[in-house]
There are 2 protein chains.
Amino acid sequence: MNSKISEKVIERLILYKNILEDLENQGILNIYSHQLAKMADVTPVQLRRDLMLLSYYGKPTSGYEVSTLLKAIENFIYKSDCAKVALVGLGHVGRAILNYFQGRSKLLKIIASFDKDYEKVNRVIAGCRCYHISEAPSIIKRENIKIAIIAVPQSSAQEVADMLIEAGIIGILNYSPTRLNVPANVYVEYRDMVRAVEKVAFFACYKNQ
Amino acid sequence: MNSKISEKVIERLILYKNILEDLENQGILNIYSHQLAKMADVTPVQLRRDLMLLSYYGKPTSGYEVSTLLKAIENFIYKSDCAKVALVGLGHVGRAILNYFQGRSKLLKIIASFDKDYEKVNRVIAGCRCYHISEAPSIIKRENIKIAIIAVPQSSAQEVADMLIEAGIIGILNYSPTRLNVPANVYVEYRDMVRAVEKVAFFACYKNQ
DNA sequence: AGATGTGAATGGGTTCACAGCA
DNA sequence: TGCTGTGAACCCATTCACATCT
């Protein structure tokens with residue numbers, strides 16, 4: 001592990017990857033930094049700086065080759081250990097995630113989903129089988145899943161997190177508003193929807209005086 | 001507008017507000033910076049720095065008074081112009097947001113929701129009436145709504161954004177993966193769920209070698 | 001000429017270290 | 001003594017300016 005990699009750079013690289021996938025699907029072969037930067041809402045210099053991480057190089061004549069740059073970002077971001085994802089909670093958030101994932105991420109796959117409601121258990125929802133929450137530890141261990149999405153109500157979030165971590169999870173995307181207590185080696189990202197709207201409201205008004 | 005306010009500070013202030021609401025509900029009257037900082041996963045110095053924005057002061061003996069600090073943050077964050085929110089798209093993401101909002105945000109209120117599906121139109125879902133998308137411009141103008149959440153499929157996100165901005169929206173929370181083309185005065189926050197999981201996967205693995 | 005890649009400068013955010021207070 | 005508030009130092013991210021390439 002050489003120099004520390006910042007969250008912002010990774011977020012941007014993932015965004016570039018998305019845009020490049022779209023460009024590839026449109027049959028575009030080459031792109032200049034100023035074009036890609038515009039699509040990603042960053043400056044061309046910022047983009048070129050970010051790409052310095054990848055040891056990938058473009059050409060002054062034709063810019064970047066879409067397909068190879070895409071592969072370079074994928075190689076950099078992709079860690080095969082963390083390709084399998086578990087989803088806990090099949091309410092609206094959980095279903096939304098399953099729908100969005102359908103076919104979108106080439107790098108990650110939601111292997112299993114869990115819920116405590118027996119109505120949902122054993123059904124296949126958006127291409128993913130649902131198991132009872134009590135089966136989570138054994139399935140996560142057996143499949144060696146390292147990443148989990150928590151989409152359960154606030155009241156059970158910590159309890160679910162404890163169980164997941166015990167089973168080997170080291171990365172959590174938490175859609176519940178609760179702050180989780182986790183060991184130092186576990187990475188948690190919070191996505192509270194209410195806080196997100198409050199942030200937008202503040203900055204929108206702030207920007208316009 | 002004196003000095004520029006950073007996104008990170010505001011995100012943290014909103015988080016403190018959340019935690020303080022919980023503390024108030026638990027009947028806790030006072031709290032020290034190191035306690036609140038721990039709950040928010042920041043350093044005590046960082047917390048005290050953040051509070052410098054508010055012109056609110058604690059006491060070395062008893063720390064901060066929960067109720068007044070909470071009010072100070074609310075006052076700072078709350079802009080009455082931006083209290084009304086519109087939601088576009090009542091798929092799973094839209095419903096999830098409505099459920100989370102139920103009673104949670106004291107500062108903001110989702111006034112109206114919109115969908116193109118006539119099955120949903122005129123129903124009241126999670127306490128919020130659903131209108132046909134074609135009514136959005138007139139209702140947004142009439143109610144003077146400034147903030148909107150976009151929870152529609154990728155293919156219609158830009159079109160919806162154009163319509164909203166035309167009707168007076170200046171802040172957008174975008175759950176679709178699409179990058180939006182908007183005028184300079186409009187603030188947009190992106191919340192793509194697939195990219196979020198990819199970020200977690202990267203850092204979880206990166207942290208653990 | 002018009003791109004890319006990058007050392008050096010700038011600017012913003014966080015932490016240190018300590019003064020001041022009850 | 002143990003807290004708060006904050007100038008100064010530090011560190012990280014972005015931007016500038018320019019050498020380099022075709």
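A, B, ... follow the sequence lines: proteins, then strands. Residue 1 opens every chain. All of these numbers come straight from a predicted model, not from anything done at the bench.
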### Query
Which residues, if any, of residues 28-42 of chain B bring a heavy atom under 4.0 Å of DNA chain C?
none
### Task
Please report the closest heavy-atom contact between B/Leu90 and B/Asp115, naming both atoms and the distance.
N-OD2, 2.7 Å
### Summary
Rounded to whole Å, CG of A/Leu53 lies from P of C/dT6 at a distance of 12 Å
### Query
Among all residues two or more places apart in sequence or in another chain, which pass the side-chain hydrogen bond (donor to acceptor under 3.5 Å, both in side chains) test with A/Asp50?
A/Arg12, A/Tyr16
#### Entry: ring pair (Phe, Tyr, Trp, His ring centres under 6.0 Å) contacts in which one or both residues fall within residues 162-188 of chain A, not counting sequence neighbours
A/Tyr187-B/Phe203
### Task
Kindly write out the residues that satisfy side-chain hydrogen bond (donor to acceptor under 3.5 Å, both in side chains) with A/Asn185, not counting sequence neighbours, or none if the list is empty.
B/Asn208
### Summary
Result for side chain to side chain contact (heavy atoms under 4.5 Å, CB included) between B/Val197 and one of A/Ile14, A/Ile110, A/Val85 points to A/Val85
### Query
What heavy-atom pair brings B/Leu173 and A/Met193 nearest, and what distance separates the two atoms?
CD2-O, 4.4 Å
### Query
Hey, where on DNA chain D does chain B first and last touch, going 5' to 3'? Cut-off is any atom under 4.0 Å from a heavy atom.
D/dG2 to D/dA8
#### Entry: Residue pairs involving residues 80-89 of chain A (criterion side chain to side chain donor-acceptor pair (under 3.5 Å); sequence neighbours excluded)
A/Lys84-A/Glu143
### Query
Please give, in whole Å, the distance from C/dT4 P to A/Leu69 CG?
11 Å
### Query
What residues form a ring-ring contact (aromatic ring centres under 6.0 Å, His included) with B/Tyr64, not counting sequence neighbours?
none
### Query
Which letters describe nucleotides 14-22 of chain C, given B = protein heavy atom under 4.0 Å from base, S = only from sugar-phosphate, - = neither?
SBB---BBS
### Task
Any pair with a residue in residues 144-209 of chain A that passes disulfide (SG to SG under 2.5 Å), sequence neighbours left out, goes on the list, sorted by first then second residue, please.
A/Cys205-B/Cys82
### Message
Going by disulfide bond (SG atoms under 2.5 Å apart), name the residues that satisfy it together with A/Cys128, two or more places apart in sequence or in a different chain.
### Response
none
### Query
Reading DNA chain D 5' to 3', how would its secondary structure be written in dot-bracket notation, given Watson-Crick and G-U pairs with both distances under 3.5 Å, brackets [ ] for crossing pairs and | for partners on other strands?
||||||||||||||||||||||
### Query
Within the pair A/Tyr64 and C/dG5, is there a side-chain N or O less than 4.0 Å away from OP1 or OP2?
yes
### Query
Pairs in or reaching into residues 86-111 of chain B: which pass salt bridge (charged side-chain N to carboxylate O under 4.0 Å, His left out), with residues at least two apart or in two chains?
A/Asp192-B/Arg104, B/Glu74-B/Lys106
#### Entry: From CA spacing to verdict: side-chain contact (heavy atoms from CB on, under 4.5 Å), B/Leu36, B/Leu69
CA-CA 12 Å; B/Leu36 184 51; B/Leu69 176 53; 4.2 Å; yes
### Message
Using the rule given for side-chain contact (heavy atoms from CB on, under 4.5 Å), can you reason through B/Ile125 versus B/Leu98, listing the C-alpha separation, both sets of side-chain angles and the distance that settles it, and then say yes or no?
### Response
CA-CA 8 Å; B/Ile125 296 171; B/Leu98 281 180; 4.1 Å; yes
